[in-house]
Amino acid sequence: MNIEQLINCKNGDKVENLTGWVDSIRDHGGLTFVDLRDFSASIQLVFDKSGEFNTKLKNEYYISVDGSFINRDKSLVNSKVFLGDYEIEVLNLRVINQSKTLPFQIENDIETDENIRLKYRYLDLRREPMKVNIMTRSRTFKSIRSVMNELNINEIDTPTLIKSTPEGAKDFLVPSRKSPGNFYALPQSPQMYKQLFMMSGFPNYYQIAKCYRDEDSRKDRQPEFTQLDLEFSDANPSIVKSNIERIVKFIFSDAYDCNINTPFNTLTFEDSMNLYGTDKPDLRIEETLIDISNIFAETEINFLKDILDSDGIVKGLHTDSILTRKEIDSIDSDIKELGSNGLGWFKIQNNEISGPLAKLLNPEEKKEIQKFGTGTLLFQAGDLKTIGQFLDFIRRTIFKPSSDETYSFVWVEDFPFFEYENGELQPSHHPFTSPKDDEVFKEDPINATALHYDLVLNGVELGSGSQRINKPSIQKLVLEKWGLSDDEIEERFGWFIEALSYGTPVHAGFAIGIDRLVAEVLNQPSIRDVIPFPKTQSGLDPLTNAPAYIDENLLEEYNIKYISKDE
Ligand code: ASP
């Protein structure tokens, strides 16, 4: 019997074989009180020492008891707690299994190092907050399956030992023993396979898919994550977006008991960057960035002059509050950590302007800055892509959400087809995304727009999708413009271009990050807290010690040899 079922008992009812973990033990002279906890709830057990309970119980022993369900003495009632009005007077006790001394207590708030929690994740998951996280994740899966059935979307699976799907990360590789010297890649996403389903004639597809991306420790990313992956035939972005809105609305209502408003707002990438400095804007905050480049058109401040002369901009945010030096220094050090050269600021108080650069302002500039009124003007100078991330951070630090909406969704679309990442040209989504206009792409690929749309929730990218290329010639052209040689195209994507060549329907799709969704809904600081067995920031699993050294003899079977680093 589980503890939750006791709610149907009446005072004096017999209880048999109630099982659970010893949560805490309190000795009170002739009586011992034990909180018994199972997955569903907890209840107080009372042991009368005059009875035959000579077994010494310890925390996390798994026990089974028989006894009577009784109303607690009025003075002992704890009505704040489920079943806090009752207790079990124990008649028989059986210890099913003992527990070693715990590495940390099974309590809601613990300060244990995350590595230790991950090493003993099975114990960490016994803690109530983790149980809530994982059960919310589980409810999310259930709701996904319900809404997919309701919308008649087919669950189809795709292989995980594959060639390679470029999604902008490195692949995890799996050596093939039967084909020595060759490797499979684990999918960065099921992208090409889901498109193949459309080529095969399936009207739609979904999968709760595991994806693997070997990225250099990016903040709050996991090497292995889970996404709701979808594809629709004969579809365009607006069909996909309205399907996604229905799906998200259903999940929020069914799994999280929360009504969200649809349709979601839409922003273009350009507007999003100009107004918020990011393509993942948090729209619960009203304030937007202000372009103050004009104010400094004739500036004597050398670094601003240099930046403006080389086509840079100066953008800032004005808050009515006078930030303290400590607040300013803290923002300054945080954005420096993100890569900024430092925070520019002016305080405006009684029409006086202060700040490290105040002395260098000419009268015209002073006048313009005074117009902002009492408060603090914080700014960054450079190119929008670089300074945007710092301004986004500043915006989210100095302003609190003003909207009542807990969940603010927005579509961001009209992304540039290509972007430069660390000096290299990359598709801003993936190379299977259709250009908005094929002719424009042919003429000026660098400045072309992609039919790519992102869904952003509270400043977090929840998902991405696109209209796909369905013409082999355009697919080849995109790969060429990306910089691949004919041989590379043939070797990596020849089979896919071939597959596109047999009457491929128009198709489009989307993927929603499930870990991110659950973390956002539960307001968890990290996706690690909503993944049952996550890896550490450096990709390790402290529980099993993966990844692990493989014996050289075994490696030989795979035709692989260790080499020392300097060889
Ligand atoms: N394959 C994409 C991703 O995993 C999603 C999509 O375009 O459908 O981000």
Side-chain angles (χ1 to χ4, degrees), residues 144 148 153-160 162-172 185-199 202 204-215 218 221-233 235-245 247-248 269 279-280 411-415 417-419 421 426-436 449-457 460-470 475 478 482 493 496 500 504-517 527:
I144 288 174
M148 292 300 146
I153 304 178
N154 305 303
E155 178 166 11
I156 324 179
D157 55 334
T158 54
T160 53
I162 64 167
K163 195 161 176 189
S164 178
T165 7
E167 292 277 2
K170 291 211 164 63
D171 289 321
F172 280 100
L186 297 180
Q188 293 186 34
S189 86
Q191 184 61 37
M192 286 193 271
Y193 286 98
K194 66 175 170 177
Q195 289 190 239
L196 293 180
F197 287 140
M198 304 302 107
M199 297 174 208
F202 295 93
N204 57 38
Y205 140 100
Y206 92 91
Q207 180 180 200
I208 296 178
K210 287 277 178 214
C211 303
Y212 305 86
R213 296 185 192 173
D214 192 354
E215 293 178 292
R218 284 223 248 157
R221 296 262 177 137
Q222 281 283 300
E224 173 180 356
F225 59 94
T226 308
Q227 71 184 25
L228 167 59
D229 200 49
L230 295 133
E231 196 72 16
F232 301 90
S233 194
N236 56 29
S238 77
I239 295 177
V240 174
K241 282 160 59 184
S242 75
N243 271 310
I244 296 299
E245 286 172 357
I247 292 165
V248 172
F269 170 81
D279 54 6
K280 306 177 235 323
W411 291 107
V412 180
E413 59 185 25
D414 283 350
F415 281 79
F417 195 95
F418 285 118
E419 60 183 5
E421 238 178 69
Q426 293 289 352
S428 73
H429 192 35
H430 49 55
F432 313 109
T433 300
S434 179
K436 194 164 182 181
T449 307
L451 281 176
H452 156 204
Y453 34 88
D454 275 0
L455 181 59
V456 176
L457 165 60
V460 170
E461 182 189 314
L462 201 60
S464 286
S466 61
Q467 171 99 45
R468 320 305 185 186
I469 296 166
N470 75 331
Q475 184 62 78
V478 163
W482 184 16
F493 301 107
F496 188 72
L500 280 170
T504 300
V506 170
H507 58 293
F510 201 72
I512 297 178
I514 295 179
D515 311 307
R516 228 160 260 296
L517 168 66
I527 58 169

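First listed ligand is number 1; within each ligand, the first listed atom is number 1. This one's a predicted model, so the numbers in the text were calculated from it and none came from an experiment.
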Identity and distance of the protein heavy atom lying nearest atom 2 (C) of ligand 1: E167 OE2, 3.4 Å

Counting only heavy atoms, tell me which of H430, Q191, R213 gets closest to atom 4 (O) of ligand 1. R213

Measure the acute angle between the ring planes of F269 and F415, then classify it against the limits of 30° and 60° as parallel, tilted or perpendicular. tilted

Classify the ring geometry between F432 and F493 as parallel (under 30°), tilted (30 to 60°) or perpendicular (over 60°). perpendicular

Part of [X] with heavy atoms under 4.0 Å of ligand 1, whether side chain, backbone, both or neither:
X: Q195; answer: neither
X: K194; answer: side chain
X: Q188; answer: neither
X: F510; answer: backbone

Which of the ligand 1 atoms, numbered from 1, are nearer than 4.0 Å to a heavy atom of [X]:
X: A511; value: 5 (C), 8 (O)
X: S464; value: 5 (C), 6 (C), 8 (O)
X: S189; value: 1 (N), 4 (O)

Heavy atom of E231 under 4.0 Å from ligand 1? no

I'd like to know if Q227 contacts ligand 1, where contact means a heavy-atom distance under 4.0 Å to any ligand atom. yes

Using 4.0 Å as the upper bound for N to carboxylate O, is an ion pair formed by E461 and R516? no

I'd like to know if R213 pairs up with E224 as an ion pair, taking the criterion as any Lys NZ or Arg NE/NH1/NH2 lying under 4.0 Å from an Asp or Glu carboxylate oxygen. no

A side-chain contact here means heavy atoms from C-beta on lying under 4.5 Å apart; do R468 and M192 qualify? no

Please determine whether side-chain hydrogen bond (donor to acceptor under 3.5 Å, both in side chains) holds for the pair S189 and E167, giving the CA-CA distance in whole Å, both sets of side-chain angles, and the decisive distance to 0.1 Å. CA-CA 7 Å; S189 86; E167 292 277 2; 2.6 Å; yes

Decide whether Y205 and Q207 meet the rule of one side-chain donor and one side-chain acceptor closer than 3.5 Å. yes

Between the side chains of E413 and H452, is a donor N or O closer than 3.5 angstrom to an acceptor N or O? no

